Amino acid sequence: MSIQENNQLLRFTTAGSVDDGKSTLIGRLLYDSKSIFEDQIEQVKASSEKKGFDYVDLSLLTDGLKSEREQGITIDVAYRYFATPKRKFIIADTPGHIQYTRNMVTGASTANLAIILVDARKGLLEQTYRHSFIASLLKIPHVVVCVNKMDLVDYSEEVYNRIVQDYEGFSSKLDIKDVQFVPISALKGDNVVERSKNMPWYEGSTLLYHLEHVHIASDINHIDCRFPVQMVIRPHTLEHQDFRGYAGRIEGGIFKPGDEVKVLPSGFSSRIKSIELNGEPIAEAFSPMSVTMTLEDEIDISRGDMIVRPNNQPEVTQDLEVMICWMNQRSLQPRTKMILKHTTKECQAMVKEIQYKVDVNTLHRIEGIGEIGMNDIARISIRTAQPVFMDGYRRNRQTGSIILIDPNTNETVGAGMII
Amino acid sequence: MRAYYLPHLKELEAEAIFVIREVVAQFERPALLFSGGKDSIVLSHLAKKAFYPAKIPFPLIHIDTGHNFPETIAFRDALVEKLGVQLIMGSVQESIDKGRVREETGVNASRNALQTVTLLDTLEEYKIDAAMGGARRDEEKARAKERFFSHRDEFGQWDPKNQRPELWNLFNGRKHMGEHFRVFPISNWTEMDVWQYILKEQIELPSLYFSHERDCIVRDGVILAHSEYITLKPEEKVERMVVRYRTCGDMPITGAVLSEANTLEMIIEEVATTRTTERGTRADDKRGETAMEDRKKQGYF
Ligand SMILES: Nc1nc2c(ncn2[C@@H]2O[C@H](COP(=O)(O)OP(=O)(O)O)[C@@H](O)[C@H]2O)c(=O)[nH]1
Ligand SMILES: [Mg+2]
């Protein structure tokens with residue numbers, strides 16, 4: 001465990017079909033980076049023995065809930081943490097079945113990087129295509145394809161090269177910026193944390209080395225200034241009588257005191273008087289900082305408004321074209337009324353039209369469909385009751401994403417990426 | 001060129017503050033569950049930062065089991081005074097007296113499970129619709145699947161299989177009458193992050209966390225403070241030990257560790273080399289492999 005305090009945080013997700021070794025790999029990363037405590041490993045050893053295994057089943061470290069351990073599969077997103085002297089990591093461990101596409105989308109929404117596992121014996125499967133498609137749809141900036149279970153194919157370079165070739169052929173059709181490949185054995189530990197002696201032909205870095213060094217600082221949008229207002233802070237004390245601060249999180253660009261700004265939707269202009277947190281001034285505020293901003297002029301601003309720069313504004317519209325991942329048992333039909341959440345804004349919305357559904361295994365478009373069901377990914381048109389201030393998801397994952405809420409059940413039913 | 005990125009503690013702080021502000025924006029009567037432990041102390045520090053120069057716009061709730069360390073109570077009262085916030089207390093003793101719950105008996109008796117009833121009663125009495133807590137996902141495997149915004153039905157129960165998906169930083173706090181939310185702003189922090197943050201921000205802690213001498217007994221491998229709430233078994237004897245606490249729960253069930261660490265730096269050094277989880281020192285989690293999951297479903301913290 002690391003005791004550095006100025007490390008970067010890397011959030012990654014793991015995807016693979018059932019039994020490709022996701023849980024084992026995560027267990028291995030935690031174990032080899034010494035992030036597992038003795039009492040946890042004792043529990044896992046005891047459970048492994050009880051099940052009659054002759055090895056320590058590292059996957060038991062992460063398969064959390066009772067019903068999962070009974071069925072031996074992962075059914076929900078579980079978050080894991082570990083740190084090395086270089087970085088701190090948050091893993092979103094998501095299950096691979098098609099019925100859990102929604103969990104994968106959830107895990108992917110906050111990830112900087114996706115690990116896609118491929119069983120060396122089986123090569124690319126439908127699931128591999130699906131997981132890669134989701135990674136590209138959710139614009140995860142970095143993908144690492146781990147060819148796992150190399151121990152079961154005699155650590156063969158040919159097997160590995162063929163899988164790499166196959167993957168490169170197919171991923172050229174996807175929109176993924178950075179793809180790396182690593183041959184590993186999660187069970188034995190080859191090339192996960194320690195360099196493998198069994199694969200001298202592999203010259204790349206180990207998985208952990210890559211996770212520690214992949215360049216993530218420039219994945220954040222530092223160009224388009226976006227500050228969605230979460231709430232207004234008014235102390236009503238003698239000491240701070242006239243204080244009126246706008247609390248929120250910077251979702252793009254770099255804001256500085258003195259900058260000229262424009263407030264949406266009112267269109268009023270002003271200048272930034274101060275940016276602070278806890279009374280301490282901040283010279284430059286950028287994503288994902290949470291700050292309190294004050295302006296030179298008294299303007300009526302409330303939650304859901306957005307502060308931007310006059311020369312770089314988001315699109316203000318009531319018509320959205322969205323790729324949606326449907327997450328609910330009840331299917332979606334056109335003309336259904338929903339609640340839409342976008343940054344700090346919430347408003348009524350209606351799904352006007354379903355353009356097409358994507359076959360997540362072949363990437364083919366299926367047109368002329370009447371409804372979309374659980375785990376479907378589709379392109380839809382939405383009309384909102386009020387204007388939203390949006391960017392394309394491609395340009396900004398925060399100001400380009402929405403969720404849909406069913407007003408009757410209050411459940412989150414859809415996750416959308418604005419085109 | 002300057003690199004525009006946040007170090008991990010700053011990023012975690014920004015995330016927690018965003019979540020706390022979302023709670024105030026989305027709910028009518030939020031509250032912060034204050035246990036007196038370091039996680040809820042960090043949470044109240046974050047809440048102060050989130051709304052400065054305004055005061056924290058919600059009360060702290062403390063569920064008093066009647067078995068608390070006196071140090072915890074003194075610390076709580078001083079903090080409430082300093083922050084200028086309202087303190088709501090729920091008393092387990094009162095729940096027992098009113099017949100809402102029955103006290104466990106025997107040498108391993110604990111009031112831990114009883115707290116759930118008092119907590120739910122208190123939330124109902126004050127019509128709290130969002131109760132923030134300092135639980136972290138790295139503490140325990142059932143907690144690893146918690147959401148930031150965790151929905152509870154009208155019985156206060158958690159349904160792990162039917163949780164709302166949580167995407168980007170869009171938190172859905174919509175609910176029906178009678179339902180409420182538990183919110184965990186420091187979900188993504190580890191024990192190490194909490195300690196490093198306490199050091200960086202120079203946050204004050206109860207003296208229990210630092211090395212001190214105390215009368216203790218050892219029960220099932222756990223070092224417990226000797227107190228009026230403990231019934232000695234015949235073979236047990238009281239010893240003077242140099243200890244500190246890694247968590248602050250109830251006196252009869254919270255285990256101490258032998259430690260000389262009396263500064264934050266020494267504690268961090270110790271945390272970095274310790275090989276057991278902090279909850280490993282709590283007798284309540286030793287009641288079975290799924291003890292936490294089962295209690296959480298009932299409405300526990
Ligand atoms: N031989 C071998 N077996 C592995 C490897 N990785 C995982 N396994 C085994 O594959 C099975 C499924 O692994 P698990 O981690 O549960 O897969 P998940 O369903 O993707 O989480 C288990 O029996 C593992 O022990 C590997 O690298 N080599
Ligand atoms: Mg698994």
Side-chain angles (χ1 to χ4, degrees), chain A residues 1-3 5-9 37-40 43 64-67 75-81 83 88 90 102-103 105-106 109-110 217 220 222 230-231 233-235 237 239-240 243 247 249 254 277-279 286 288-290 292 303 327 339 341 344 397-398 401 403 405 410-412 415, chain B residues 2-15 17-18 21-22 24-25 48-55 137-138 141-142 144-145 151 160-161 163-170 172 174-176 187-188 190 192-193 196 199-200 268-269 271-277 280 289-290 293:
Chain A
M1 201 187 274
S2 122
I3 49 169
E5 51 167 279
N6 284 319
N7 289 345
Q8 263 178 312
L9 186 60
F37 295 109
E38 266 163 27
D39 51 338
Q40 288 175 309
Q43 252 187 27
L65 299 175
K66 220 188 228 176
S67 40
I75 53 167
D76 198 340
V77 189
Y79 294 88
R80 308 287 156 195
Y81 303 83
K88 178 195 155 91
I90 301 180
R102 65 173 209 161
N103 292 338
V105 168
T106 303
S109 73
T110 49
I220 293 173
H222 290 314
Q230 250 185 307
M231 58 185 298
I233 294 179
R234 304 228 43 192
T237 56
E239 210 184 327
H240 301 283
F243 187 92
R249 195 164 178 166
I254 299 166
L277 185 68
N278 200 29
F286 52 90
M289 281 186 191
S290 283
T292 304
R303 177 173 167 84
M327 306 189 139
I339 291 156
K341 245 173 140 39
T344 55
R397 288 168 90 185
Q398 259 56 52
S401 51
I403 57 169
I405 298 168
N410 290 329
E411 289 170 311
T412 303
Chain B
R2 194 175 166 282
Y4 288 98
Y5 77 87
L6 287 183
H8 79 278
L9 284 180
K10 285 266 180 207
E11 182 168 343
L12 291 173
E13 179 192 65
E15 178 178 85
I17 288 176
F18 178 81
R21 287 168 166 176
E22 267 317 278
V24 170
K48 172 182 163 268
K49 287 186 113 172
F51 304 105
Y52 185 91
K55 293 225 163 94
R137 286 170 177 159
D138 83 319
K141 52 189 179 239
K145 310 215 160 174
H151 178 256
K161 276 197 165 169
Q163 300 194 80
R164 293 180 184 174
E166 220 159 59
L167 298 113
W168 300 289
N169 50 11
L170 297 169
N172 172 4
R174 299 182 68 95
K175 60 180 181 350
H176 293 293
S187 286
N188 277 333
T190 60
M192 182 54 102
D193 297 328
Q196 286 179 336
L199 176 66
K200 184 170 147 304
I268 289 177
E269 193 57 46
V271 172
T273 51
T274 309
R275 304 307 313 146
T276 56
T277 56
E289 222 188 315
T290 59
E293 185 181 339

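Just so we're on the same page: letters track the sequence lines, and every chain starts at 1. Bear in mind that the values here come from a model prediction, so they are computed numbers and not experimental data.
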* Asked: What orientation do B:Y4 and A:H222 show, parallel under 30°, tilted 30 to 60°, or perpendicular over 60°?
  -> tilted
* Decide side-chain hydrogen bond (donor to acceptor under 3.5 Å, both in side chains) for A:N103 and A:T106; before the verdict, give the C-alpha distance in whole Å, the side-chain angles of both, and the deciding distance to 0.1 Å. => CA-CA 5 Å; A:N103 292 338; A:T106 303; 5.0 Å; no
* To do: Please answer whether the main-chain N or O of A:Q230 pairs with a side-chain N or O of A:R303 as donor and acceptor at a distance below 3.5 Å.
  => yes
* Asked: Which atoms of B:R164 come close to chain A, meaning under 4.5 Å heavy atom to heavy atom: side chain ones, backbone ones, both, or neither?
  -> side chain
* Atom group of B:H176 that falls short of 4.5 Å from chain A, counting heavy atoms -> both
* Tell me, side chain or backbone of B:E13 under 4.5 Å from chain A's heavy atoms, or both, or neither? -> side chain
* Where A:P235 and A:F243 come nearest, the two heavy atoms and their spacing -> CD-O, 3.5 Å
* To do: Could you tell me which portion of A:Y79 (side chain, backbone, both or neither) has an atom closer than 4.5 angstrom to a non-hydrogen atom of chain B?
  => both
* Asked: Does the side chain of B:H151 reach to within under 4.5 Å of the side chain of A:N410, using non-hydrogen atoms?
  -> no
* Structure fact -> Max heavy-atom pairs within cutoff under 4.5 Å with chain B, candidates A:I90, A:I233, A:T237, goes to A:I233
* Do you know which of A:T110, A:I254, A:I220 has the most heavy-atom pairs with chain B at a distance under 4.5 angstrom? -> A:I254
* Structure fact -> Answer key: most heavy-atom pairs under 4.5 Å with chain B among A:R249, A:Q398, A:M289 is A:R249
* Considering only heavy atoms and a distance below 4.5 Å, find which of A:A415, A:S401, A:G279, A:P288 pairs most often with chain B. => A:S401
* Proximity breakdown for A:K341 and chain B, heavy-atom pairs closer than 4.5 Å -> both
* Structure fact -> Between B:N172 and A:I403 the two heavy atoms that sit nearest each other are CB-CD1, 4.3 Å
* Structure fact -> Rounding to 0.5 Å, atoms OG1 (A:T412) and CG (B:L170) come to a distance of 9.0 Å
